Amino acid sequence: DWVVRELEYPMPPRQIEFAKLYLTNVVTGKRYIKKLVDQGIVDGWDDPRLVTIAALRRRGYTPESIKMFMEMVGVSKSNSSVDYAMLDYCIREDLKMKRPRMMAVLHPLKLVIDNYPENQTELMEASNHPKNPDMGVRSISFSRELWIEESDFSLDPPKGYKRLTLPKDGSPAKPVRLRAAYIIQPVSCETDENGRVTVVHAQYFPETKSGSTGADTVKAKATIHWVDAKTALPAEIRVYGRLFEMEHPESSEADYRTLLNPNSKEILKGYVEPALAEAKKDEKFQFERNGYFVADRVDFTGEHPVFNLSVTLRDSKGKF
């Protein structure tokens with residue numbers, strides 16, 4: 001500023017310096033990111049675990065969510081660090097009323113409804129967004145064999161568990177509703193040589209079809225999602241976590257490679273509704289009970305669907 005003043009410009013240029021903004025559990029400096037890319041630790045400058053604009057777009061972040069984040073953070077003249085969870089909050093807030101809800105099973109477990117006709121398939125009507133009726137409804141097929149989440153059945157459930165289980169005292173199992181379909185009650189299960197459950201057998205109550213007059217004749221305290229094993233579409237699901245275990249890796253003197261989160265990327269082989277074969281690259285959805293996902297802008301095809309996790313539905317640290 002002294003130089004500008006001494007030169008006595010009639011309209012002196014204005015110089016403003018702003019401080020750096022850091023996010024926890026990730027690096028923002030170009031030199032650090034270049035090391036990660038050059039050494040193959042991440043999959044490129046658009047790896048969804050980074051916070052470059054290309055990476056945020058590939059992870060499904062919208063311009064509106066990034067703008068909301070910057071408005072919440074503000075501009076500072078002193079270096080500051082912001083919890084990554086604030087960025088997560090912004091994308092949830094932007095997508096929650098805009099994107100349709102679909103069903104996808106990330107960790108598949110076979111469910112067989114023993115008293116449902118073997119060769120029968122019927123269409124169920126499901127809302128695309130329960131809180132936004134303007135999004136309409138869709139039809140999804142239902143048959144005797146389904147895929148459910150592995151975590152929705154437990155032989156040794158924790159306290160308060162309300163999903164599928166088989167009581168050890170021999171008493172009848174508690175009924176559970178299948179989203180947009182019937183109420184079911186587990187009756188037995190099959191396990192492999194390691195004791196892992198591979199198939200759950202259940203019976204359904206025909207009078208409890210969602211939307212029917214007898215839907216409430218059997219009470220269920222929990223609702224789980226599912227996809228029809230006959231029509232479900234195999235899909236690659238990429239689940240991303242924090243890149244570093246340490247909140248401020250750039251400030252550490254340790255080798256940054258020792259600070260990496262080994263579970264920052266997990267590739268799952270799951271199943272999704274067949275309609276998702278028609279999704280467009282960059283199209284975003286809420287997968288019920290799992291989170292918000294985006295069709296990968298590089299690798300997605302109708303024959304090989306690839307979805308990236310944008311953000312989970314809940315944040316343990318709460319809202320901002």
Side-chain angles (χ1 to χ4, degrees), residues 20-70 73 79-92 94-95 104 106-107 235-270 279-285 287 290-301 304-313 315-317:
K20 292 182 178 179
L21 171 64
Y22 296 97
L23 282 171
T24 57
N25 304 97
V26 72
V27 291
T28 53
K30 294 186 291 294
R31 287 176 297 169
Y32 290 99
I33 295 175
K34 189 174 187 301
K35 286 182 182 179
L36 297 174
V37 174
D38 290 346
Q39 296 179 18
I41 295 172
V42 295
D43 301 327
W45 287 85
D46 64 347
D47 187 299
R49 291 168 289 182
L50 299 175
V51 287
T52 61
I53 294 298
L56 291 172
R57 290 184 68 186
R58 192 168 183 182
R59 187 158 178 169
Y61 279 80
T62 60
E64 293 82 4
S65 66
I66 298 173
K67 181 179 178 181
M68 182 192 304
F69 172 72
M70 296 312 304
V73 171
N79 289 352
S80 58
S81 177
V82 177
D83 195 318
Y84 201 109
M86 183 182 289
L87 187 57
D88 287 342
Y89 167 76
C90 292
I91 187 64
R92 285 192 198 97
D94 184 51
L95 295 180
L106 276 55
H107 300 89
E236 180 178 316
I237 312 291
R238 298 172 181 172
V239 177
Y240 295 100
R242 302 291 187 254
L243 184 57
F244 289 91
E245 292 181 327
M246 184 180 182
E247 284 195 353
H248 306 290
E250 289 175 332
S251 64
S252 174
E253 296 181 359
D255 184 342
Y256 67 92
R257 286 170 293 190
T258 65
L259 308 175
L260 290 165
N261 174 13
N263 301 313
S264 63
K265 179 181 179 180
E266 185 179 6
I267 298 179
L268 306 176
K269 300 299 182 182
K280 299 177 182 177
K281 292 184 177 184
D282 276 335
E283 192 170 1
K284 301 163 184 66
F285 306 90
F287 288 171
N290 282 310
Y292 293 96
F293 289 77
V294 59
D296 188 79
R297 64 197 335 258
V298 177
D299 298 326
F300 180 92
T301 66
H304 180 64
V306 178
F307 295 93
N308 300 331
L309 171 67
S310 299
V311 66
T312 55
L313 291 180
D315 172 42
S316 59
K317 296 185 179 180

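Note that the structure is a prediction, hence the values are computed from the model and not measured.
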| request: Taking ring-ring contact (aromatic ring centres under 6.0 Å, His included) as the test, write out the residues that go with Y61, two or more places apart. | output: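 For Y61, no residue satisfies ring-ring contact (aromatic ring centres under 6.0 Å, His included) once neighbours in sequence are set aside.
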
| request: With sequence neighbours excluded, tell me which residues meet ring-ring contact (aromatic ring centres under 6.0 Å, His included) with Y292. | output: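 With sequence neighbours excluded, Y292 shows a ring-ring contact (aromatic ring centres under 6.0 Å, His included) to no residue whatsoever.
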
Reported [atom1]-to-[atom2] distance for the pair [X] and [Y], which is rounded to 0.5 angstrom:
| X | Y | atom1 | atom2 | result |
| --- | --- | --- | --- | --- |
| R92 | L87 | CZ | CG | 10.0 Å |
| L56 | I66 | CG | CD1 | 5.0 Å |
| Y256 | M246 | OH | CE | 15.5 Å |
| L36 | Y32 | CG | OH | 10.5 Å |
| F287 | I237 | CZ | CD1 | 5.0 Å |

Does [X] reach the side chain of [Y], with side-chain heavy atoms less than 4.5 Å apart?
| X | Y | result |
| --- | --- | --- |
| P262 | E245 | yes |
| N25 | L243 | no |
| H107 | L268 | yes |
| V82 | F69 | yes |
| K284 | S310 | no |

With sequence neighbours left out, what residues match [X] under side chain to side chain contact (heavy atoms under 4.5 Å, CB included)?
| X | result |
| --- | --- |
| K20 | Y22, N79 |
| R238 | R58, E236, Y240, I267, D296, D299, V306, N308 |
| L309 | V239, F293, T312 |
| K34 | D38, W45 |

| Quick one: does E64's side chain have a donor or acceptor within less than 3.5 Å of a partner on D94's backbone? |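 Judged by distance alone, no pair lies under 3.5 Å.
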
| Within the side chain of S264, is there an N or O that forms a donor-acceptor pair under 3.5 Å with the backbone of G241? |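 No, because the side chain of S264 does not come within donor-acceptor range (under 3.5 Å) of the backbone of G241.
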
Which atoms form the tightest heavy-atom contact between [X] and [Y], and what is the distance?
| X | Y | answer |
| --- | --- | --- |
| Y84 | V51 | CE1-CG1, 3.8 Å |
| L21 | T28 | O-OG1, 4.1 Å |
| I91 | T62 | CD1-N, 3.7 Å |
| D83 | T24 | CA-OG1, 3.5 Å |
| L50 | G44 | CD1-O, 3.4 Å |

| request: State plainly whether the residues D88 and R242 are in salt-bridge range, i.e. N to O under 4.0 Å. | output: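 Counted as a salt bridge, because a side-chain N and a carboxylate O are separated by less than 4.0 Å.
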
| Carboxylate-amine/guanidinium contact D43 K265, below 4.0 Å |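 Salt bridge: yes.
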
| message | Could you check, using the six-membered ring where one of them is a Trp, whether F300 and F307 have ring centers closer than 6.0 angstrom? | response |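 Yes - the distance between ring centres of F300 and F307 falls below the 6.0 Å cut-off.
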
| task | Please check if atom CZ in R297 has more than 12 non-hydrogen atoms from other residues, nucleotides or ligands closer than 6.0 Å. | result |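 Counting other residues, nucleotides and ligands, CZ of R297 exceeds 12 neighbours.
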
| query | side chain to side chain contact (heavy atoms under 4.5 Å, CB included) between D46 and T52: does it pass, once the steps are laid out? | reply | CA-CA 7 Å; D46 64 347; T52 61; 5.5 Å; no

